[in-house]
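Residue numbers begin at 1 in each chain, while the letters A, B, ... track the order of the sequences. Only a predicted model underlies this, so the values are computations on that prediction, with no experimental measurement involved.
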Amino acid sequence: MKRSKIKSLYAAPPVGQSVNVMGWLKTRRGGKKFSFAEVNDGSTIKNLQIVLDNSRFDEETLKQLTTGACVSITGNLVESVGQGQPIELHAETVTIFGPSDPETYPLQKKAHSLEFMREIAHLRPRSTTFGCILRLRHAMAYGIHRFFHEKGFFYVHTPIITASDCEGAGEMFTVTTLDLAAPPKNKDGQVDFSADFFGRPAHLTVSGQLNAELAALALSDVYTFGPTFRAENSNTTRHLAEFWMIEPEMAFYDLHDNMALAEEMLRFLIRLALEEHYDDLDFLCATYDEELIPRLKSVVESPFERCDYTRAVEILLHSGQSFEFSVEWGADLQSEHERYLVEKHFQKPVIVYNYPKDIKAFYMRQNDDGKTVAAMDVLFPKVGEIIGGSQREERYDKLLERIRQMGLPEENYWWYLDTRRFGSAPHSGFGLGFERLLTFLTGMGNIRDVIPFPRTPGNAEF
RNA sequence: GCCCGAUUAGCUCAGUCGGUUAGAGCGGCUGACUGUUAAUCAGUAGGUCCUUGGUUCGAGUCCAAGAUCGGGCGCCA
């Protein structure tokens, strides 16, 4: 018999028919005559209740129906007599694929702390919470491709291994095949990377942006969506050493077009989650954060605030709030400042734009005022900065000037500068941190709980 | 990297002023129960009190160092 997924049984119950389900037991309740088990196969948050007439099964089989066991059950699907579920399966045959010793299986039929589940990351996909998160993570990945595809964007694959440091800042992981115990040295005693695999120093990418720009200056609208790596010693609930980033890059977009696209995408994705994955969100809302669904709805329903940096500074200076870090034109906004703007002053997502040029990257387009660049950050409640982007500097001379001013190795950027020498075009783009989006969407307080296998300083288990 | 806090049973935690035999709930196991919903009821097992050193007649409790975890900040997405 063909196996049915539980999601499809709930969607269109074949009541009165014989069906087969396969999955993992969440719990079993035993009685003298009947036993009740709940099986979950991950296709949906919902479990299917299995009813077993104890007299039909040998004791050994019933004994092996423990929390965590993997089973295949065939039987008659019927409308449930009991309250709490519309349908249930009256078991006729039971096969135990993988028993699970209840004394040592770490996931019990009770709530566990998120901290504990991080320690059992190899088993936490079996938990209800992580099942929700993995389904939502998929939904957002799919939604991102769908959003861009429907707008005529092309998905480009930018390299994971790179010899350039995109922003001239940020610690990178080195990629090498040299013998670390005895690397070849040159005359000056430095490691001789000409003997390395790539014949030069190589790193894991911190951003696909520069490569995406190359594609945008041919295909007009493109995006990358891939893993990125930062070797920063960041110990927060918002940072990972390995994370996924979505980076669209669009020719002929100015900063305001860029902001409009970012807003449209975020609202599209959150609406998608609310419409198609309400079950999962509802569980997370009830379990972890009762404000979750209202917050998601408010983002979908009300437009984001636009606020230029200079005005943001004015608002903060006149806020009457005392901040740990003082507010001053020219300094970057601190977390506490961003939080005030989003959560207190505007009470909705805010896009801050036109930042002082000295605190932003070399590739951002200089504004006519000579002081600011066409940068923008999308700030969300609870999670803070979720997107950073800009209109790119398309003028060769201005770009080269910034590279030199910032002391970057000009020779590394010859190919990037070439795009400004041949058919340069105004263009813009941004980077969305995938896990930050998921942190916001799921209401999880820690970014380590929205990625299957988090990599952070000192932690690469699993 | 900086600043706080925590670490006691499988999990979540309590443990008073330093005192003799370290507790609870949940989970597990055993049994009872005619359809249960994180079932209920009864019983039962389960401990390197993070590690090392120190103070003390005596340390889960006080002190120091270290480890690990958590939160905040910085860097950013």
Counting side-chain heavy atoms from CB outward, which of [options] is closest to [X]?
| X | options | value |
| --- | --- | --- |
| A:K110 | B:rC76, B:rC11, B:rG70 | B:rC11 |
| A:H90 | B:rG25, B:rG71, B:rG35 | B:rG35 |
| A:F116 | B:rG28, B:rC11, B:rA77 | B:rC11 |

Report task. Measure the NZ-CG distance between A:K26 and A:L48 for me, rounded to the nearest 0.5 Å. Result ->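 Answer rounded to 0.5 Å: 13.5 Å.
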Query raised in the report: In Å, rounded to the nearest 0.5 Å, how long is the span from CE of A:M364 to NZ of A:K357?
Result: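 Interatomic distance, A:M364 CE to A:K357 NZ, rounded to 0.5 Å: 14.0 Å.
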Name the nucleic acid region contacted by [X], choosing base, sugar-phosphate or nothing; use a 4.0 angstrom heavy-atom cut-off, strictly under.
| X | result |
| --- | --- |
| A:Q49 | base |
| A:T228 | nothing |
| A:I386 | sugar-phosphate |
| A:E336 | nothing |
| A:L437 | nothing |
| A:Y105 | nothing |
| A:E88 | base |
| A:G82 | base |

With a cut-off of less than 4.0 Å, is there a side-chain N or O of [X] near OP1 or OP2 of [N]?
| X | N | result |
| --- | --- | --- |
| A:S113 | B:rC11 | no |
| A:R29 | B:rG35 | no |
| A:K63 | B:rU30 | yes |
| A:R238 | B:rG72 | no |
| A:N446 | B:rG71 | yes |
| A:R339 | B:rC73 | yes |
| A:T237 | B:rG72 | yes |

Report task. On the 0 to 90° scale, with breaks at 30° and 60°, tag the A:Y142-A:H138 ring pair as parallel, tilted or perpendicular. Result ->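 Plane angle under 30°, so parallel.
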Requested in this report: Using the six-membered ring wherever Trp is involved, compare the ring planes of A:F283 and A:Y288 and label them parallel, tilted or perpendicular (cut-offs 30° and 60°).
Outcome: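 A:F283 vs A:Y288 ring planes: perpendicular.
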Query raised in the report: Do the two ring centres, one from A:Y155 and one from A:H145, sit under 6.0 Å apart?
Result: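 Judged by ring-centre distance (under 6.0 Å), A:Y155 and A:H145 do meet the cut-off.
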Requested in this report: Answer with yes or no after comparing the ring centroid distance for A:F325 and A:H337 against a 6.0 Å cut-off, counting only values under it.
Outcome: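 They do not qualify: ring centres at least 6.0 Å apart.
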Quick one: [X] [atom1] to [N] [atom2], roughly how many Å, whole number?
| X | N | atom1 | atom2 | value |
| --- | --- | --- | --- | --- |
| A:R28 | B:rG35 | CZ | P | 15 Å |
| A:E435 | B:rC76 | CD | P | 19 Å |
| A:E59 | B:rC29 | CD | C1' | 14 Å |
| A:R124 | B:rG10 | CZ | P | 22 Å |

Requested in this report: For residues 67-87 of chain A, pull every pair meeting salt bridge (charged side-chain N to carboxylate O under 4.0 Å, His left out), keeping only residues two or more places apart or in separate chains.
Outcome: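 Passing the test, one end in residues 67-87 of chain A: no pairs.
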Report summary line: Encoded 5' to 3' (Watson-Crick or G-U under 3.5 Å; [ ] crossing; | other strand), RNA chain B becomes (((((((..((((.....[...)))).(((((.......))))).....(((((..]....))))))))))))....
Query - ring pair (Phe, Tyr, Trp, His ring centres under 6.0 Å) partners of residues 99-133 of chain A, not counting sequence neighbours, each pair once - result: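 Every ring pair (Phe, Tyr, Trp, His ring centres under 6.0 Å) pair that includes a residue of residues 99-133 of chain A, provided the two are not neighbours, is A:H112-A:F116, A:H122-A:F462.
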Query raised in the report: Which residue lies toward the 5' end of RNA chain B, A:I359 or A:N459, if each is placed at its nearest nucleotide?
Result: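 Nearer the 5' end of the strand: A:N459.
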